[in-house]
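Below: the structure, in structure tokens.
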Amino acid sequence: MNTLSDTWSWLTSAAHWSGENGIWNRLGQHLWLTALCLVLSCLIALPVALVLGHLGKGGTLAVNISNVGRAVPTFAVLVLLLLTPIGKYGEWPTIIALILFAVPPLLTNAYVGMREVDRDVVRAARGMGMTGRQLLFRVELPLALPLILTGVRIAAVQLVATATLAALAGGGGLGRIITAGFNLASTPQVVAGAILVAVFALVVEGLFEVVQRFAPQWARGGFG
Amino acid sequence: MARPRGSGTHDGDPRTPSPLCAPGSQRFPRTAHQDARPGGGAGSNERVTAPPDDCLARNEWICGAYLTSRGHILWDAVVQHLQLTAVSVAIGLLIAVPLAVAARRWRWAAGPVLGITTILYTIPSLAMFSLLLPVYGLSASIVVAGLVLYSLTLLVRNILAGLRAVPEDTRQAARGMGYGPVRLLLAVELPLAVPAAMAGLRIATVSAVSLVTVGAIVGYGGLGNLIYSGMNTYFKAQVLTASVLCVVIAVAADLLLLGIQRLLTPWTRAVPS
């Protein structure tokens, strides 16, 4: 119980919230890293997955890349990138590692979503004379949206976790509070950092749950 | 709280390396295990010898001399890695089976069980280990407990899906043959859930192998310890070798479990007529 009250007093101390090593700054870094990498990995993964899914090609790659991503330790990739020449360019090793681990769930889910669109619906759309482009954007994409969004949610949660680990390899973000706490041998700081990270991850997960619940309705409204 | 093994004194930032081993220096990378190098130990030797010009001294990524000179350190790390993974997944499985059976039997239990395990799975690994710090202190139990919680999610979900997929006809046939609820569970439902459960077990094991490395923060990370100390000393061969071994272990464990699954479920290999 003592640890709990120490943690609480660490969290409520104003000095720990401001400044370069303060919680606000670390939270901002974490949010920025997560958002930037989510946008970048969506830009990389979704067009590829949509085209592959539309054409029905490259399925083995798109599905197995997730299994490969799971087997490779995030921490190892972060450290390996840090030791390569890329490591000299500030946040880039972290950003690249984050994108590498966010792309597989996006790719797999979007591809599976595209392939699971009812074939009868696709054939009906073709019979109505839709071009490939119309078919992709007006039929397949809206119907695949729930699974695509699942992929985005998994990627976002993965990004939050990976950005936390980046602190071990010298990156910024909330994880830095934890690693600094370990190095200062301060259990309250370690636990406080962990609580902040856990709450942040759960908020991101919750936010995407909400988006996922309502987005198909907006999309349906938008596409008529 | 004791200082974790293998952590630096600075704020965990490898971009401010100690002057002993500046990045790209030709100096022999210093690690805690330096004494493992045969013929090392300059302290016992009065002569000041120039560092040997091998791949270790040049700090190359791929280095055979690393394997020969530090074989037993690698071996110890691999053994720790395998122990942590095996113990965690085994405990996870022991807890997951009753939870899944309970969630199957009592409908009201399914929601809370799946909800809590999903929330646990969302918490990033570094935070999970840190949250367990006040409970277990700096020990291997932190890593095991964290990994158990992660594998629970995957295992419960898959075992429950397997149990739910048992056809109602099969269940009724067993009941008609006089099977009681316990025998029905042990002899019919659980065996039929094995393929789904094994799929979950494979994912849980592969994830655990990769997550053990994060245990380096408390000094119990198997190969992760070598990656962590290699990062702090810019020891490229050590980081690459340990990382590759992690992937090899993950793939080997996956194949092993796939083999076990085939042995356990001979009926799934029946030749389609």
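Computed from heavy atoms alone, side chains included, the values below leave out hydrogens, waters and symmetry copies. Naming convention: chains lettered A, B, ... in sequence-line order (proteins, then strands); numbering from 1 in each chain.
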Residues A:Phe75 and B:Ala216: closest non-hydrogen pair is CE2-CB, 4.3 Å

When the 4.5 angstrom heavy-atom criterion is applied to A:Thr84 and chain B, the contacting part is both

Looking only at B:Leu211, B:Leu131, B:Val247, the option with the highest number of non-hydrogen pairs under 4.5 Å against chain A is B:Leu131

Separation between OG1 (B:Thr118) and CD (A:Glu205), nearest 0.5 Å, reads 7.5 Å

Residues 97-106 of chain A vs side chain to side chain donor-acceptor pair (under 3.5 Å), sequence neighbours excluded, gives none

Honestly, the part of B:Ala127 sitting under 4.5 Å from a heavy atom of chain A is both

Given A:Leu202, A:Val157, A:Thr74, the one with more heavy-atom pairs under 4.5 angstrom with chain B than any other is A:Leu202

By residue number, those in residues 198-208 of chain B with heavy atoms under 4.5 Å from heavy atoms of chain A are B:Ile203, B:Val206, B:Ser207

Here the gap from B:Met231 atom CE to A:Leu83 atom CG, rounded to the nearest 0.5 Å, amounts to 8.5 Å

Checked A:Val191, A:Thr7, A:Leu80 vs chain B; the most non-hydrogen pairs under 4.5 Å come from A:Leu80

Answer key: most heavy-atom pairs under 4.5 Å with chain A among B:Cys246, B:Ala242, B:Ser243 is B:Ser243

In short, ring pair (Phe, Tyr, Trp, His ring centres under 6.0 Å) pairs touching residues 14-43 of chain A with sequence neighbours left out are A:Trp10-A:His16, A:Trp17-A:Trp24, A:His30-A:Phe200

task: Check whether any side-chain heavy atom of A:Phe182 sits under 4.5 Å from a side-chain heavy atom of B:Leu138, and report yes or no.
output: yes

Applying disulfide bond (SG atoms under 2.5 Å apart) to A:Cys42 and not counting sequence neighbours gives none

Rounding to 0.5 Å, atoms CG (B:Leu133) and OG1 (A:Thr3) come to a distance of 8.5 Å

